[in-house]
Enquirer: 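Dropping the structure in here first, questions after.
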Amino acid sequence: MHKQWTIPFLLILCVFGLSGCTGAVDINDLAMVMAVGLDKGDTPGTVTVTAQIARPSDVVGQTGAPAAGTGEPIWTATATGRSIFEAIRNLGRYSSRRVYWGHNKVIVIGEDLARDEGINDVVDFFSRNHELRMRTWVVVTPDKASQIVATKTGLEVVPGNSIDKLFHFSDLVAEAPKIDLRTMQASYLSDGSEVVLPVVQTRLRGVSTDNPKEFGSTPQVELSGTAYFEKDKLKGTLNPDDTEGLMWFVDPPKTRVVVIPCSSSNPNQTATLEIRHYKFKVVPQYVQGRPAFRIQLNVECNLVELDCPTKQSHQQVMKALEASVEANLKKEISDAIEASKTNKVDFLGLGSRFQDRYPAEWQRIKSNWPELLSTAKVNIDVSAHIRSPVLLSTPTVPDSAGDR
Amino acid sequence: MYLHNRLSLVRCYDGSRRPFCFVTFIVTYFVMFIVTFFGAFLLHFSLRVGGWFSNGGSNVVDVQELLDHHIFHDLGENVGRVKTILVKNADLVQRDFSVREAAGPACTLFYIDGLSNNMLIDAGVLRPLIIDSVLRDRIAGSTDSGREHRPAGPHQTAERLLINPEVKFADTYQKAIDGLLAGESLLFIDGVDEALLVGTKGWESRSPGETATEVVIRGPRDGFTENIRTNTSLIRRRIKDPMFRLESLQIGTRTKTFVNVVYIEGIAKQELVDEVMTRLESIQVDSVLESGYLEELISDAPWSPFRTVKLTERPDVVAAAILEGRVAILTDSTPFVLVAPTSFWEGLMASDDYYSHFYLGTFSRIIRYIAFIVSLTLSSIYVMLVSFHQEMIPTELALSVAAGRETVPFPVLVEVLGMETAFELMREAGLRMPRPIGQAVSIVGSLIIGQAAVQAGLVSPIMVIVVAVTGISSFAIPSYSTSFTIRLLRFPIIIASGTLGLLGFVGAMFVITVHALSLRSFGEPFLAPMIPFQPSDQKDALVRSPWWMLKSRPWIAKDVTRQGNDQMPKAPKNNGSGKADLAPDEKASDGQSHKSAQGKPGSDHGDSKSSASSGQQKRAQPAGTGEQKDKTRRSRKPKKILGGA
């Protein structure tokens, strides 16, 4: 070999030989956190971190690897510290492996912490940390966060995965928005919108297979509404019904279900419509120095369930139902806006929509935005079309029923 | 302080379980081993300076003096000298006789038993000289009896008597002995100071059989043998071109191995041929026993793990290569032929690609490109992800990898290196051991590696999968030398990835790529036609285009035109000109011919006939352009079919 290459070659060899595998940690030396809960600590000013850590050999049930014996796929550990980072480091006091955040699925924030201490610390720490992903879900719970984290829920072996999947398929219920760390950070940093986070809580929903008599005995994590923040403090919550209106603004669902009464005589008889396509548009306006909004929603839906026996044709039924669908949707949207106005919290992000359209005007009014929002004129325009009765060509009516 | 702790060797033995400790331990072990070994070697060497490489006397010089001498007139002296030079050669056969049953001069014939064909000596040398010449004299009578006792010159003897087609003259012992040792018969005639070398070469050799290293599904089954003449005939049989050139030279001062350089003049660049010849002629070694000697002696980058000369056992591959303007170097006594120049990508192409349907050819080529990437990088990517970048693994996979590694006592790097070594060990063992044992070893090997090692918790199951896929991928690479290069390069990449993670992986790939980019094979860039990008060669690179599209030869050829224009086959058209020539009855039923075609066995007949007649019609047109001629030729094809039927 040419002599001039000998020394560079040896130097390159030294890089590999002398690096000492800097930064290498084998995957089986990691305690992979699947969910983390943050609560107020017992002493003021402290925070308690609860980490749900997967125990791989019990998760996978690997042939060859001896079973760990506990049969528990997760190991939940908790530690307290003056800051989140200190609390996490304190986990290391008794964790036999290095706590690793790269696969964390969900951050659960206790309502106490969010209300009293604020989420500034949370946003800062979790977006600063290089191991965490910005696609981690963030939720708020009225229970203790540690309780949510320690609950075995859902079909997945690892409960953290269950909560993750819960959000993947939450479109169908549309009762809590899907907010990940990135979205939360974006709305936290923006002037024109406030943070909203989904609320989860444990309910006795599961039915024990071993003992069916204990109906609803096992707790399951359930989506239930939305929490909205003012600056970094929790201001209030919306129940699942109110959340439906909010979803149009924050996390537009792919499909939605609308249930309306179809019979004037019996309010328990309902028609159910599935929204297949829609167009939702918020048009900010600036009228005489005051912001105003025009909200347009065009929906196309299918009739998926009809309780009322009727001799009418589907065309007539669907035509008749359109107006009540429109009214229903209009009400839920105006309810959400009303909630935002009365609380003077812009959790619908109307401010940032206004800013996008009128950037210069926004600079003038942004300091006074919550006040202006409460008096802003909002015009809601909903039009609904029911397209198809799906597979049935005529309503399901027994012959005898037609006589009534 | 932190760095100091990391680098200190002492920490390795205090029970800390860092990967670095294992690596350092192994490195230290090897360094100590090497130092000890070389120390002992140097000590030994210094005690016996000069004693190791002495050649034990000046015998060689004496023989050279004898060889340089001119042939003597006297037969006895000649015989004595040959026996002096070739002393102690049990297979040297000496036959003394006289031409014309003792009436002519005394002669001595030497040949090496086993190198010469006894039948040829009998029928071509001894019989004409001893018996046939007498018969001829008897028939001719005594008209030229005056010349009878004059010693016949070698020229006359050769022309008149020896039936063998290949007779040469030697004036020095060097030439005479060289010929004798190459299998020719050496004939001394009393009173003549020239020796005759008669071409009686003939020895046992294998007949062309299926190749061991390059197996094809579709394609010829014959492979090269150890006999260079058989090999050249295998190529010649495929290319009947007067521009075919075969230059011969002998390399090796002691082995005097025949080396033939084969190319097609006009297709191969003259500079390339000159370069090959120059490199071969400048070789000064004592022996060439296999083409591997030559490969290393003429290679462009002697230190590189990449091989810049292609190696093949298949005559069809050599024929295709020289038709692309390359030069083939055949070496006697080995079936492996060298082809130059070559590119890296050629190692991933098989001759099947060109014989099978082009979709299949392209598909299997892409599969092989995947195999190349997998076998080069999969295990290092695994190491990198599992020990550095766990966030890049999907959660479920990360958990199952972690679960599999739960009881594995080694760090990932050591585990991978151990498994790869075990795999290479099995492969090498499978190669070396006697055939009948092979199955037993492969069963034991797969059981130990696949099942027992996992159950014992020595390796993780995913590691087994990774190593197996890597191994299978390396088997999918058609060229043995390319496959070996990839296997070799795998290890530095694994070590780099295992010590520096993604940085090391990218760094190692970078160094290898830059090195490959700097290589040239006989003046041609090693990564061509990808880098530098050669648009006209892309039709036979990543994809194998159909033959009718492969219009030009690769860029390396001097004459790049391979075939005529418009080679894409077309179905014959039943247009107006064809119909005009139809016989009246066919013309009448033409409108219904499609309907009646199903039931009528001879319905194709009309179609082909019509197109044939259209072809004849076109040929009758005077002085068509080239393109028209082409069309004419193509449309004439059905006529042949018709004629055959």
Enquirer: Is it the side chain or the backbone of A:Val158 that comes within 4.5 Å of chain B heavy atoms, both, or neither?
Expert: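 Only the side chain of A:Val158 comes within 4.5 Å of chain B.
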Enquirer: If I compare all heavy atoms of B:Gln390 with all of A:Val25, which pair ends up nearest, and what's the gap?
Expert: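 Heavy atoms of B:Gln390 and A:Val25 come nearest at NE2-O, 2.5 Å.
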Enquirer: Report, as yes or no, whether the 6.0 Å neighbourhood of atom CZ on A:Arg98 holds more than 12 heavy atoms from other residues, nucleotides or ligands.
Expert: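 Yes, CZ of A:Arg98 has more than 12 neighbouring heavy atoms, counting only those of other groups under 6.0 Å.
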Enquirer: Can you tell me which portion of B:Pro394 sits under 4.5 Å from chain A's heavy atoms? Options are side chain, backbone, both or neither.
Expert: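 For B:Pro394, backbone heavy atoms alone lie under 4.5 Å from chain A.
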Enquirer: Is there a side-chain contact between B:Glu396 and A:Asn161 in this structure, where contact means two heavy atoms from C-beta onward sitting under 4.5 Å apart?
Expert: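 With C-beta onward as the side chain, the pair touches.
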Enquirer: Determine whether more than 12 heavy atoms belonging to other residues, nucleotides or ligands lie under 6.0 Å from atom CZ of B:Phe491.
Expert: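 Yes - once you tally the heavy atoms of other residues, nucleotides and ligands closer than 6.0 Å, there are more than 12.
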Enquirer: So does A:Leu155 have more than 12 non-hydrogen atoms from other groups sitting under 6.0 Å from CG?
Expert: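 Result for CG/A:Leu155: open.
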Enquirer: Working to the nearest 0.5 Å, report the span between CD of B:Glu391 and OH of A:Tyr100.
Expert: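 Taking CD in B:Glu391 and OH in A:Tyr100, the distance rounds to 4.0 Å.
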Enquirer: Knowing that exactly one of B:Val401, B:Val408, B:Val386, B:Val412 qualifies, which makes a side-chain contact (heavy atoms from CB on, under 4.5 Å) with A:Asp26?
Expert: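 Going through B:Val401, B:Val408, B:Val386, B:Val412 one by one, the side-chain contact (heavy atoms from CB on, under 4.5 Å) with A:Asp26 is satisfied by B:Val412 alone.
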Enquirer: When rounded to the nearest 0.5 angstrom, what distance separates CD1 in A:Ile27 from CD1 in B:Ile462?
Expert: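 Rounded to the nearest 0.5 Å, the CD1-CD1 separation comes out at 8.5 Å.
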Enquirer: Counting only heavy atoms from other residues, nucleotides and ligands, does the tally under 6.0 Å from CG of A:Leu11 exceed 12?
Expert: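 Yes, CG of A:Leu11 has more than 12 neighbouring heavy atoms, counting only those of other groups under 6.0 Å.
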Enquirer: Under 4.5 Å, heavy atom to heavy atom: which of residues 119-136 of chain A reach chain B? Give them by number, or say none.
Expert: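 So far as heavy atoms go, A:Arg133 are the residues that approach chain B to under 4.5 Å.
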Enquirer: Has A:Asn28 got a side-chain atom pairing as donor or acceptor with B:Arg405's backbone, closer than 3.5 angstrom?
Expert: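 Looks like yes, one N/O pair under 3.5 Å.
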Enquirer: By salt bridge (charged side-chain N to carboxylate O under 4.0 Å, His left out), which residues pair with A:Glu156, not counting sequence neighbours?
Expert: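 A:Glu156 satisfies salt bridge (charged side-chain N to carboxylate O under 4.0 Å, His left out) with A:Lys165 once adjacent residues are dropped.
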Enquirer: Among A:Met34, A:Met32, A:His103, who wins on heavy-atom pairs under 4.5 Å with chain B?
Expert: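 Among A:Met34, A:Met32, A:His103, the one with the most close pairs to chain B is A:His103.
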Enquirer: By a 4.5 Å heavy-atom criterion (distance strictly below it), what part of B:Ile393 contacts chain A: side chain, backbone, both, or neither?
Expert: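 Its backbone and side chain both get close to chain A.
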